[in-house]
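Scroll down for the structure; my scribbles are underneath it.
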Protein chains: 2
Amino acid sequence: MPKTSNLPAPAAEESRETFDSGLDFDPLTRRLGYVVRRAQIAIFQSFFQTMSVAQISPAQYSALVIIARNPGLSQTRVAEALAIKKANFVALARELEQRGFVERRAIPGDKRSLALHLTPAGKLAYSELDRLSEEHEAKLREAIGIEAYEALFAPLVRLAKVNSGEASPPDQDPD
Amino acid sequence: MPKTSNLPAPAAEESRETFDSGLDFDPLTRRLGYVVRRAQIAIFQSFFQTMSVAQISPAQYSALVIIARNPGLSQTRVAEALAIKKANFVALARELEQRGFVERRAIPGDKRSLALHLTPAGKLAYSELDRLSEEHEAKLREAIGIEAYEALFAPLVRLAKVNSGEASPPDQDPD
DNA sequence: TATTGTTATACTCTATAACTATA
DNA sequence: TATAGTTATAGAGTATAACAATA
């Protein structure tokens, strides 16, 4: 077992943590977008490693979660939930269907929509994916400590909603 | 306040903040990769809005910062610092050169390398970009509060280094 | 008219291989 | 042989427009 270093977090003060390569990253380490992007890339790489046995991408996994927890949604609704354009969700849904994880059922009321459900095989795969992804979370927790880990979610979710309402800055020139 | 335990416990309370659309996002809101990705997308969109007057992308901005703070680096070194493949950095560097922000100087010692420097126009543009990007940071700070904002950097930088050393998990089957 | 699923398409990012000129 | 800059290329991811079937 790797030693659980629960030292009181580095505290960030004046010696702000930076990236390797010994260069001056100064303003960048204070640009949240840059730091979040670098973290996201690293986390996805780590995710691919942990999930490699399951051959599942982050996007596929997120779609399976939404379908598993909200059975019967239409493709458009699932795409909206994931903030994916419905046109781009077609290939993703088809892939999941061809792998036998997802079924598209015709709906009585509306002949245009297709209701998405997990197949029995999909449910089985999903429970394994849930276990693997939780294993991945554990790796991330160990990397940064449980308090820091837990503290990240709320602010990041709020950041994800930045822009949600606003569209036009101070001075707009309509026309 | 959540008690600081380092139990492998799932903790995570019950009322975790989630995304809009009223659907059940349950495991996803506990998947750091998903939350970080959604935040990154929103922050970049916000960045594009704030920086629209300067017509600069996050990647271009990050390159300008590295060149401004570390004058004389070769293209390969700048690309490495930004975790961009040197092949993909060519177009980026060329764009910055054509806009008159960056100059590529031949080096006396090595005829292969090109040393990158900001031009006077580049330095002028950079100071304006610095102002605008700081303005953007202020928006993000206001969105989530300054304490949460400040607390994000250190753990995210550490997350960005996940994987940096390790390549093979516990059980590997070489060949 | 509006909406669902779909196709086609384009544009950006990213990853790999290979070339050239130097070293 | 190795390295810096470059080209070409292929693969993802994403965005828009448009279409047929249905509402």
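Numbered from 1 within each chain, the chains take letters A, B, ... in sequence-line order.
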Residue B/Arg77 excluded, over 12 heavy atoms near CZ under 6.0 Å = no

Mind checking A/Ser74 for me? I need base, sugar-phosphate or nothing, with any heavy atom below 4.0 Å counting as a touch.
-> sugar-phosphate

5' precedence on DNA chain D between A/Pro58 and B/Gln75 (nearest-nucleotide basis) | B/Gln75

Are B/Arg31 and A/Asp130 close enough for a salt bridge, meaning some N to O gap below 4.0 Å?
-> yes

Contact nearer the 5' end of DNA chain C, comparing A/Arg94 with B/Ala59 | A/Arg94

In whole angstroms, how far is the P atom of D/dA4 from the CZ atom of B/Arg104?
-> 15 Å

Can a donor-acceptor pair be found between the side chains of B/Lys139 and B/Thr50 at a distance below 3.5 Å?
-> yes

Its contact letters, B for base, S for sugar-phosphate only and - for none at protein heavy atoms under 4.0 Å, make nucleotides 14-19 of chain D read BBBB--

Would you say A/Thr76 reaches C/dG5's phosphate, i.e. side-chain N/O to OP1/OP2 under 4.0 Å?
-> yes

B/Arg77 side chain N/O closer than 4.0 Å to the phosphate oxygens (OP1, OP2) of D/dT3?
-> no

Which class fits the ring pair A/Tyr34 and A/Phe19: parallel under 30°, tilted 30 to 60°, perpendicular over 60°?
-> perpendicular

Over how many whole Å does the gap from A/Glu95 atom CD to C/dG5 atom C1' extend?
-> 18 Å

Anything under 30° is parallel, anything over 60° is perpendicular, the rest tilted; go ahead and classify B/His136 against B/Phe47.
-> perpendicular

When you check the gap from the basic side-chain N to the acidic O, do B/Arg131 and B/Glu135 get nearer than 4.0 Å?
-> yes

Got a sec? Which of residues 106-119 of chain B come in under 4.0 Å of DNA chain C, heavy atoms?
-> B/Gly109, B/Asp110, B/Lys111, B/Arg112

